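Worth saying up front: this structure is predicted, and the values here are computed from it rather than measured.
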Amino acid sequence: MTSASGGADMVDWNLAVATATRLVRPGPEVSRAEAAAVVAELRRHALEAEEHVRAFTGMRSSSLAQAAATPVLVVDRPGWVRANVAGFRTVVQPLVEKLQARRANSAAAGVFGTVGEKATGIEVGALLAFLATKVLGQYETFAPAEPSLEAPDSPAALFDKPRLGPEGPGPGRLLLVAPNIVHVERELDVDPSDFRLWVCLHEETHRTQFTAVPWLRDHIQSEVQSFLSETDVDPGALLERLRDAAGSLGGLPGVGGREGASSSNLLEIVQSPAQREILGRLTAVMSLLEGHADVVMDGVGPAVVPTVAEIREKFQQRRDRGANRLDLLLRRLLGMDAKLRQYQDGAVFVRGVVEQVGMEGFNRVWTSPNTLPTKEEIHDPAAWVARVAR
């Protein structure tokens with residue numbers, strides 16, 4: 001996995017972007033006037049959501065400058081791909097360095113550099129093409145530093161165009177994927193304006209979490225970097241783990257396996273014991289962040305989103321219903337089912353804590369890394385309250 005520009009990276013990122021852009025399915029059919037109206041409304045709702053979230057949570061950015069440095073970008077599906085490639089390049093550097101060092105001592109380095117970079121670029125591109133149709137919005141914690149945007153392709157361009165970077169780590173940015181939002185609001189048959197604001201409330205909660213809690217980004221980045229630095233790059237070790245787990249992936253209900261079989265995904269299969277420990281902590285904090293955002297978007301909702309109850313009911317039914325067999329298999333392999341559990345588990349934790357000690361008591365969770373819930377406490381809010389809030 002090297003870049004086409006000479007090996008600074010370990011993936012041909014340009015090929016990944018080209019592959020994803022070629023493979024990604026087009027969004028819903030809209031006229032140019034309709035698309036412009038959607039983009040404009042999402043920008044307005046993002047600004048409106050900011051104050052709603054701060055009023056509901058009691059959380060404020062540590063500085064106006066920090067909040068202003070985390071922009072809101074309205075993108076199409078190729079724009080989401082470009083933004084995430086830039087983020088990947090920033091976050092995987094420790095793993096890149098390990099792989100480069102190993103490859104430098106390999107007799108097959110030249111051949112791998114020619115073939116591996118292209119193959120991996122295509123694989124990453126195919127993955128991004130699949131994910132680009134699923135994401136409504138995203139707070140990019142590890143976005144590259146500014147400048148974050150390229151000049152538009154034309155003066156009439158509708159969507160923001162993130163740079164591929166890399167410019168080094170930046171303060172973060174919020175992405176709203178307009179075609180996916182329109183697709184889901186049509187599928188659910190809900191009020192479009194209400195749904196767009198509802199999505200913005202969720203994503204703005206994430207931006208508030210990171211701008212109001214100065215240490216949070218560095219803490220997560222440290223955990224992610226520790227996870228990557230523990231990666232075993234020995235092909236033999238990885239093959240052995242894959243061989244041991246080969247039968248477990250057949251356990252997906254409805255895809256040739258039995259109900260209740262192993263829930264392993266590709267990430268779990270290749271983990272070392274140290275990585276499992278780190279991932280347990282990361283899972284807890286991500287459950288907190290996602291659950292908190294779900295609670296806030298529904299809590300703010302009745303005052304500013306009149307149809308929030310209908311939207312939540314239909315959206316939850318869509319989550320529970322899942323998709324076709326291939327889609328379910330891909331979601332299992334990529335760990336997307338675990339992502340859905342984070343929303344559910346985290347929301348139960350947040351509501352449980354708020355019921356016991358109120359929002360002010362819950363906000364003690366943001367005091368330091370030591371006050372974050374453990375993986376066990378996510379499932380036992382009273383234990384966290386006993387340890388921290390009281």
Side-chain angles (χ1 to χ4, degrees), residues 20-50 52 71-84 128-140 149 152-154 156-162 173-207 290 293-294 297-298 300-301 304-324 327 330-331 336 339-340 343:
T21 302
R22 186 167 59 251
L23 294 178
V24 70
R25 291 178 294 174
E29 289 188 15
V30 295
S31 68
R32 183 171 182 82
E34 289 174 318
V38 170
V39 171
E41 185 171 35
L42 286 172
R43 295 191 194 282
R44 291 195 306 271
H45 282 336
L47 289 174
E48 180 184 348
E50 182 176 359
H52 290 314
V72 177
L73 309 184
V74 181
V75 297
D76 56 7
R77 289 171 176 177
W80 181 87
V81 168
R82 293 172 63 86
N84 277 268
L128 290 171
F130 172 75
L131 294 176
T133 65
K134 308 297 180 184
V135 179
L136 302 182
Q138 170 187 354
Y139 183 79
E140 270 200 295
L149 298 177
D153 297 326
S154 72
L158 292 176
F159 299 105
D160 294 315
K161 188 176 182 182
R173 60 189 176 192
L174 192 154
L175 305 177
L176 297 169
V177 191
N180 296 351
I181 292 173
V182 172
H183 171 78
V184 174
E185 71 191 28
R186 289 180 176 179
E187 180 184 346
L188 298 181
D189 189 25
V190 293
D191 181 273
S193 184
D194 281 5
F195 183 74
R196 294 165 195 171
L197 177 55
W198 190 68
V199 171
C200 288
L201 288 168
H202 183 100
E203 302 309 330
E204 178 57 40
T205 302
H206 287 317
R207 188 163 73 142
E290 296 294 0
D294 257 19
M297 71 194 298
D298 287 350
V300 172
V304 298
V305 183
T307 60
V308 64
E310 176 192 357
I311 291 173
R312 168 55 73 184
E313 181 181 3
K314 290 184 175 180
F315 193 78
Q316 192 61 48
Q317 288 173 351
R318 181 179 184 269
R319 275 183 182 173
D320 296 339
R321 185 169 62 246
N324 58 48
D327 199 52
L330 288 171
R331 283 165 55 173
M336 293 173 69
K339 178 74 168 178
L340 295 179
Y343 289 104

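Expressed to the nearest 0.5 Å, how far CD of Glu204 lies from CG of Leu176 amounts to 9.5 Å. How far CG of Leu174 is from CZ of Arg207: 6.0 Å, rounded to the nearest 0.5 Å. The distance from the CG atom of Leu188 to the CD atom of Glu310 is 9.0 Å, given to the nearest 0.5 Å. We find the CG-CZ distance between Leu136 and Phe315 to be 5.5 Å, quoted to the nearest 0.5 Å. Distance check: His52 NE2 to Cys200 SG gives 10.5 Å after rounding to the nearest 0.5 Å. Here CG of Asp76 is found 9.0 Å from CG of Leu158. Values are rounded to the nearest 0.5 Å.
Two residues are said to be in side-chain contact when any heavy atoms from C-beta on lie closer than 4.5 Å; Val184 and Arg318 meet this criterion. Proximity of Trp198 to Asp298: side-chain heavy atoms (C-beta onward) are separated by under 4.5 Å at one or more points. Under the 4.5 Å side-chain criterion, counting only non-hydrogen atoms from C-beta, Arg77 is in contact with Thr133. Looking at heavy atoms from C-beta onward, Leu175 lies in side-chain contact with Glu140 at the 4.5 angstrom threshold. The shortest distance between side-chain heavy atoms of Leu128 and Trp80 falls below 4.5 Å. Side-chain contact between Val38 and Ile181 is absent, with no heavy-atom pair separated by less than 4.5 Å. For the pair Lys161 and Pro78, the minimum side-chain heavy-atom distance is 4.5 Å or more. You'll find the side chain of Val177 stays beyond 4.5 Å of the side chain of Lys134, heavy atoms only.
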(request) Could you walk me through whether Leu201 and Val305 pass side chain to side chain contact (heavy atoms under 4.5 Å, CB included), step by step? (result) CA-CA 10 Å; Leu201 288 168; Val305 183; 4.1 Å; yes
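With hydrogens and angles ignored, the 3.5 Å screen pairs no side-chain donor or acceptor of Asp160 with any backbone N or O of Val75. Under a 3.5 Å cut-off, the side chain of Arg82 and the backbone N or O of Pro162 do form a donor-acceptor pair.
Of all heavy-atom pairs spanning Glu41 and Ser193, the tightest one is OE2-OG, 2.7 Å. A pairwise comparison of heavy atoms in Thr21 and Val24 identifies O-CG1, 3.6 Å as the closest pair. The two atoms that bring Ala132 and Asn180 nearest to each other are O-ND2, 2.8 Å, heavy atoms only. Closest of all the heavy-atom pairs between Gln138 and Val135 is CB-CG1, 4.1 Å.
Among residues two or more places apart in sequence or in another chain, the side-chain contact (heavy atoms from CB on, under 4.5 Å) test is passed with Pro306 by Asp194.
Dense packing is recorded around CZ of Arg186, with more than 12 heavy atoms of other residues, nucleotides or ligands lying under 6.0 Å away.
Below 30°, between 30° and 60°, or above 60°: for His206 and His202 the angle between ring planes is above 60°, a perpendicular geometry.
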